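Just so it is clear, the structure is predicted and the values come from calculations on it, not from any experiment.
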Amino acid sequence: MPTTAEIYGYGILANAICCVCSICGAAVLPCAKRFSNAYHVFLSVFMGLAVGTLFTGAVVHLIPEALGVHGHSDHEHEHEDNSTEHGHDDHEAGIHVENYIWYTMVVLLGTYAFYLLEMIMTFLKKRKGLISEIPTTTEPGAATLGNLDSDSKRSKDLYSVNSNGKVDLGSEDLEKENGIAPLAYMIIIGDAIHNTTDGLVLGAAFSSDIADGIGLTIAIFCHELPQELGDFAVLITSGLSFWQAILANLFSSLTAFIGFFIGVQVASYATAVNWIYAVTAGNFLYISLVDMLPELMKLGTKSWKTFCYHNIGIITGAFILVVVAVFEEHIEV
C-alpha cells in the first residue's frame, strides 16, 4: 500500500497535470489559423488517444477492479503463499500476465476489429458512390473541433483576436449577440462535475496502488486535452472574452482537487472504492464510445490521412495502458 505522502504527492501532481489542459486552449487554438495542418494532425492523434485510453482504462483497469477480479492485496498474498514452491522460478520466468488481462485484450481487439471493418466498408461504399458525404455532428463542442479539418476553409481563418480581447470566428452563423449564452454556463457546470468525478477516481486509485493511479492519469489527460480545447472554443463562441474563457475553464478544472481529497478519504472503505471504479468505468465507456468514437468515424471518412492519425492515437493509447496493466506490479516509485 502507498504511504500517505505518496498518495497525496503523486495524486496532487496528477491532478495538476490534468488541470493544465484547461489553459492549453489559450496556447493552441489561436495557433490554428497559422498552423492549421499541424493543428489538424495534433488534434486528430489526441482524439484517437482519448478514445484508446478511455476505453482501455475502463476495460483493463476499472472494470476488473470493480468486480474484484484484480486485487493488489490478493495478488500479494498469492505470491507470498506460493513463494516456497516457486523460489527463483518466478524471477526466471519473467513477467507474469494475469488471465484477466488476456480476456480484456480480446475485448479490445474485438471492438477495434469491428471499428476497422465498418470504416473500411464505409470507404469502399463512398468509392463506389453508394453513399454521400457523411455530415459532421451538430454538437457544439464536436462541431467546433470537426471543422478544424486541414482541408476546410474555416480552419484557415478560424481565430482572430480583436482589440477588445474577443475572438472573432469569421463565421456569421457562430457569432453571438451581446452577452453570454446559457450554453457557456452549461459547459462550465458540466465540466466541473465531470472533473470532480475524475478527481474522485484518482484519489481512490492512488490510495490503492500508484501504478493504477498512473494509468488512470494517462487516460484522463488524453481525453481532457481535446475536450478542453473544444470547451474553450465553445465558451468563446458563447460570448466570453479570451481571458474569461481561460478563467472559466481553469475554475471547472480545479474542482478535480475536491474530488481527489474526497476520494482519498473514501478509499479506506473497500466497497465504496469498488462503486467509484464501476461508476467511472461507465463514464469512460460512454465518453469514448458514444461521444468521441462517432465523431472520429465521421471525420475519419473524409480522408485516409485523418483515419490514420486517429488509429495512431487509438493504438498508442491502448498500448500504453495495457503495458501499465502488465507491468504495474513491477513499477516502483
Original post:
If only atom types and distance count, is the side chain of E118 paired as donor or acceptor with the main-chain N or O of Y115 below 3.5 Å?
Top reply: no
Original post:
Does a donor on one side chain and an acceptor on the other come within less than 3.5 Å for E65 and N274?
Top reply: no
Original post:
Taking atom CD of Q244 and atom CD1 of I188, what is their separation to the nearest 0.5 Å?
Top reply: 9.5 Å
**OP:** Report the distance from atom CG of L250 to atom CG of L254, rounding to the nearest 0.5 Å.
**Re:** 4.5 Å
**OP:** Indicate yes or no for a side-chain donor-acceptor contact from D191 to the backbone of I187 under 3.5 Å, with no hydrogens or angles considered.
**Re:** no
**OP:** Indicate whether the side chain of T53 and that of T56 have a donor and an acceptor atom separated by less than 3.5 Å.
**Re:** no
Subject >> Single-linkage hydrophobic cluster, 4.5 Å side-chain cutoff, F261 and I193 together >> reply: no
Original post:
Just by distance, do the side chain of H61 and the backbone of L321 share a donor-acceptor pair under 3.5 Å?
Top reply: yes
**OP:** May I ask you to test the I17-L13 pair for a side-chain heavy-atom distance under 4.5 Å?
**Re:** yes
**OP:** Please work out whether the ring planes of F307 and W304 are parallel, tilted or perpendicular, with thresholds of 30° and 60°.
**Re:** perpendicular
**OP:** Examine I210 and V326 and state if one hydrophobic cluster contains both, with Ile, Leu, Val, Met, Phe, Trp and Tyr joined whenever side-chain heavy atoms are less than 4.5 Å apart.
**Re:** yes
Subject >> Aromatic plane relationship, F206 with Y10 - under 30° parallel, 30 to 60° tilted, over 60° perpendicular >> reply: parallel
Original post:
Does the pair H40 and T306 meet the rule for a side chain to side chain donor-acceptor pair (under 3.5 Å), with working shown?
Top reply: CA-CA 8 Å; H40 170 68; T306 302; 3.1 Å; yes
**OP:** Could you check L247 against F251 for side-chain contact (heavy atoms from CB on, under 4.5 Å), going step by step and ending with a plain yes or no?
**Re:** CA-CA 6 Å; L247 292 176; F251 166 78; over 6 Å; no
Original post:
Applying the 4.5 Å side-chain criterion to the ILVMFWY set and letting contacts propagate, would V322 and V69 be lumped into a single cluster?
Top reply: yes
Original post:
Under 3.5 Å, is there a donor-acceptor pair between the side chain of T280 and the main chain of Y277?
Top reply: no
Original post:
Are any side-chain N or O atoms of S252 and backbone N or O atoms of N249, one a donor and one an acceptor, separated by less than 3.5 Å?
Top reply: yes
Original post:
Do V201 and I220 come close enough that some side-chain heavy atom pair is under 4.5 Å?
Top reply: yes
**OP:** Give a yes or no answer on whether the side chain of E224 reaches the backbone of F221 with a donor-acceptor pair at less than 3.5 Å.
**Re:** no
**OP:** Take C18 and T217 through the side-chain contact (heavy atoms from CB on, under 4.5 Å) test and state the conclusion after the steps.
**Re:** CA-CA 8 Å; C18 293; T217 300; 4.3 Å; yes
**OP:** To the nearest 0.5 Å, tell me how far M292 CE sits from H223 NE2.
**Re:** 8.0 Å
Subject >> With L202, the side chain to side chain contact (heavy atoms under 4.5 Å, CB included) member among I12, T197, L216 >> reply: L216
Original post:
Do the non-hydrogen side-chain atoms of L200 and F260 ever get within less than 4.5 Å of each other?
Top reply: no
Subject >> Heavy-atom side-chain contact between H310 and L299 under 4.5 Å >> reply: yes
Original post:
Do L54 and Y286 have side-chain heavy atoms sitting under 4.5 Å apart?
Top reply: no
Subject >> 4.5 Å side-chain heavy-atom contact, K305 and S44 >> reply: no
Original post:
So if you build clusters from Ile, Leu, Val, Met, Phe, Trp, Tyr with side-chain heavy-atom gaps below 4.5 Å, do L285 and V290 land together?
Top reply: no
**OP:** For residues T316 and F319, determine if any side-chain heavy atom of one lies less than 4.5 Å from a side-chain heavy atom of the other.
**Re:** no
Original post:
Has the side chain of T255 got a donor or acceptor atom that lies under 3.5 Å from a matching backbone atom of A192?
Top reply: yes
Original post:
Does I101 belong to the same Ile/Leu/Val/Met/Phe/Trp/Tyr cluster as Y103, with side-chain heavy atoms less than 4.5 Å apart forming each link?
Top reply: no
Original post:
Is there a side-chain contact between F242 and I246, using heavy atoms and a 4.5 Å cut-off?
Top reply: yes
